[in-house]
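Some notes on the structure that comes next.
Numbering of ligands and ligand atoms starts at 1, following listing order.
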Amino acid sequence: MARIDVNHIRHSYLPNPVKDADFALREVHHTFEDGGAYALLGPSGCGKTTLLNIISGLLHPSHGQLLFDGRDVTDLSTQERNIAQVFQFPVIYDTMTVYDNLAFPLRNRGVAEADVDRKVRETLAMIDLADWAKRKARGLTADQKQKISLGRGLVRSDVNAILFDEPLTVIDPHMKWVLRSQLKQLHRRFGYTMIYVTHDQTEALTFADRVVVMYDGQIVQIGTPAELFERPSHTFVGYFIGSPGMNVLPVTISGDTANLVSIKGPQAIRLPGVPKWKKVGIKELGIRPEYIRVGTEGMPVQVRKVEDLGRHQVLRALLGGTEIAAIIPEGGEIPAEPKVTFDPAGINLYEDSWRIEMGA
Ligand code: ADP
Ligand code: MG
């Protein structure tokens, strides 16, 4: 396994890229530590597959360098990089048996047949296809084929990293959960460097120790699930992670108080500190629905809708002209004339979409 340095990588699919928008990856600079379990999370089209293919060598980046354990591999082929990659859709040999599909990558590398047999059986058990070993891959269902694909990625133990590109898309929900837990166990047991691409926050947060959030060809935050939740460094991370996502409200600020632009008249919101603005940009306050307290004090809201999610309720309401979401914990009640306050511990401030630190 290896440490992977992605050094100032930019990539455009156009022959003569000029502006930022011409780049599928605007600039990515990041180290994937040896043995880390990473999720690469972001919406469709943000550049996840592009980055993964650059790491595996299927794509040569327009700019920048890729290092494995400090060694420049930018110009090496996929094979020379010794990476296992599992794609969104099955890549298997239809005419081979399930067993041989898994044995192939090992035999190809000259692994002794006894070791091949041991590894293949172990992997077959993991993907729950032991009973299908002698069957030809042709004729199997889409999710069985995808499990073979996954197995082909996991069968080798000598790789520098295992890359997964939304590998569970075609797998049914229960099996998804099983396979994800197995990948996690495998990581704990063998310490593989794993990069797992997904657009599904639950998948990312359960699989990874570190989640790399991408948006519009850039990494916008790298953090633990708790960091992404408590301190989203970009408003996009706030929206994208959490259910419902973070409320983002335009504000004006003086010292350590904020005023919502959507409400007329004074309604000072106390901030946890004095913001350290960097420039003269658009200022927004971010607060997750979990940190909005609903009661009989604070700023009046108009109820639009209440969603009952079993363990808690989500209140959708108008605060001034802006719709907000607030979580009402189990047993909580919504008064006849509800008002809201913001828990200072849950307030983040943004300038031109990027989080700003606050001083004491
Ligand atoms: P993701 O995997 O996050 O959905 P991709 O890396 O596939 O995103 O795509 C990033 C951007 O690059 C998108 O705008 C996409 O349309 C574009 N793109 C991807 N592959 C190609 C290609 N082969 N040729 C041209 N544009 C591409
Ligand atoms: Mg993709």
Side-chain angles (χ1 to χ4, degrees), residues 4-30 32 37-66 73-74 77-78 81 83-92 142-143 145-147 149-150 152-153 161-171 176 179-180 183 193-208 210-223 228 232-241 245 353:
I4 299 172
D5 291 303
V6 177
N7 277 353
H8 301 288
I9 294 248
R10 285 162 70 71
H11 188 73
S12 177
Y13 290 99
L14 304 177
N16 298 304
V18 185
K19 48 192 194 305
D20 269 353
D22 295 341
F23 285 84
L25 286 184
R26 289 209 208 169
E27 168 140 351
V28 173
H29 187 71
H30 175 59
F32 294 94
Y38 294 89
L40 213 55
L41 174 68
S44 177
C46 72
K48 304 180 297 296
T49 296
T50 303
L51 179 56
L52 217 60
N53 289 347
I54 286 173
I55 294 173
S56 69
L58 290 174
L59 260 185
H60 191 273
S62 315
H63 300 277
Q65 253 189 338
L66 195 74
V73 298
T74 320
S77 70
T78 301
R81 291 185 197 191
I83 289 262
Q85 189 168 6
V86 181
F87 301 91
Q88 192 165 6
F89 299 103
V91 179
I92 59 169
D143 76 335
K145 287 186 181 181
Q146 183 62 2
K147 285 200 270 176
S149 244
L150 202 58
R152 286 166 52 87
I162 311 179
L163 312 182
F164 303 91
D165 195 350
E166 314 216 26
L168 305 182
T169 309
V170 296
I171 307 270
K176 236 184 203 161
L179 288 175
R180 207 164 59 214
L183 290 181
T193 307
M194 288 181 165
I195 307 176
Y196 186 102
V197 164
T198 176
H199 63 268
D200 178 332
Q201 55 166 308
T202 315
E203 222 168 281
L205 300 178
T206 51
F207 172 76
R210 310 275 289 161
V211 179
V212 179
V213 186
M214 287 185 69
Y215 173 62
D216 204 11
Q218 302 176 79
I219 292 177
V220 285
Q221 187 165 7
I222 300 160
L228 300 178
S233 52
H234 190 279
T235 50
F236 173 76
V237 179
Y239 294 129
F240 196 67
I241 289 172
S353 305

**Complete:** Residues Ile54 and Arg81: closest non-hydrogen pair is O-NH1, 2.7 Å
**Under 4.0 Å from ligand 1, counting heavy atoms only: the protein residues, by chain and number** = Tyr13, Ala24, Pro43, Ser44, Gly45, Cys46, Gly47, Lys48, Thr49, Thr50
**Any Ile195 side-chain heavy atom under 4.5 Å of Lys48 side chain** = no
**Message:** Strictly under 2.8 Å, is the Mg ion (ligand 2) approached by any N, O or S atom of Thr49?
**Reply:** yes
**Prompt:** Nearest heavy-atom pair of Pro167 and Leu150: which atoms, and what distance?
**Reply:** CB-CD1, 4.1 Å
**Message:** Would you call the rings of Phe32 and His30 parallel, tilted or perpendicular, taking 30° and 60° as the class edges?
**Reply:** perpendicular
**Prompt:** Roughly how far apart are Phe23 CZ and Asp216 CG, rounded to 0.5 Å?
**Reply:** 13.5 Å
**Request:** Measure the acute angle between the ring planes of Phe207 and Phe164, then classify it against the limits of 30° and 60° as parallel, tilted or perpendicular.
**Result:** perpendicular
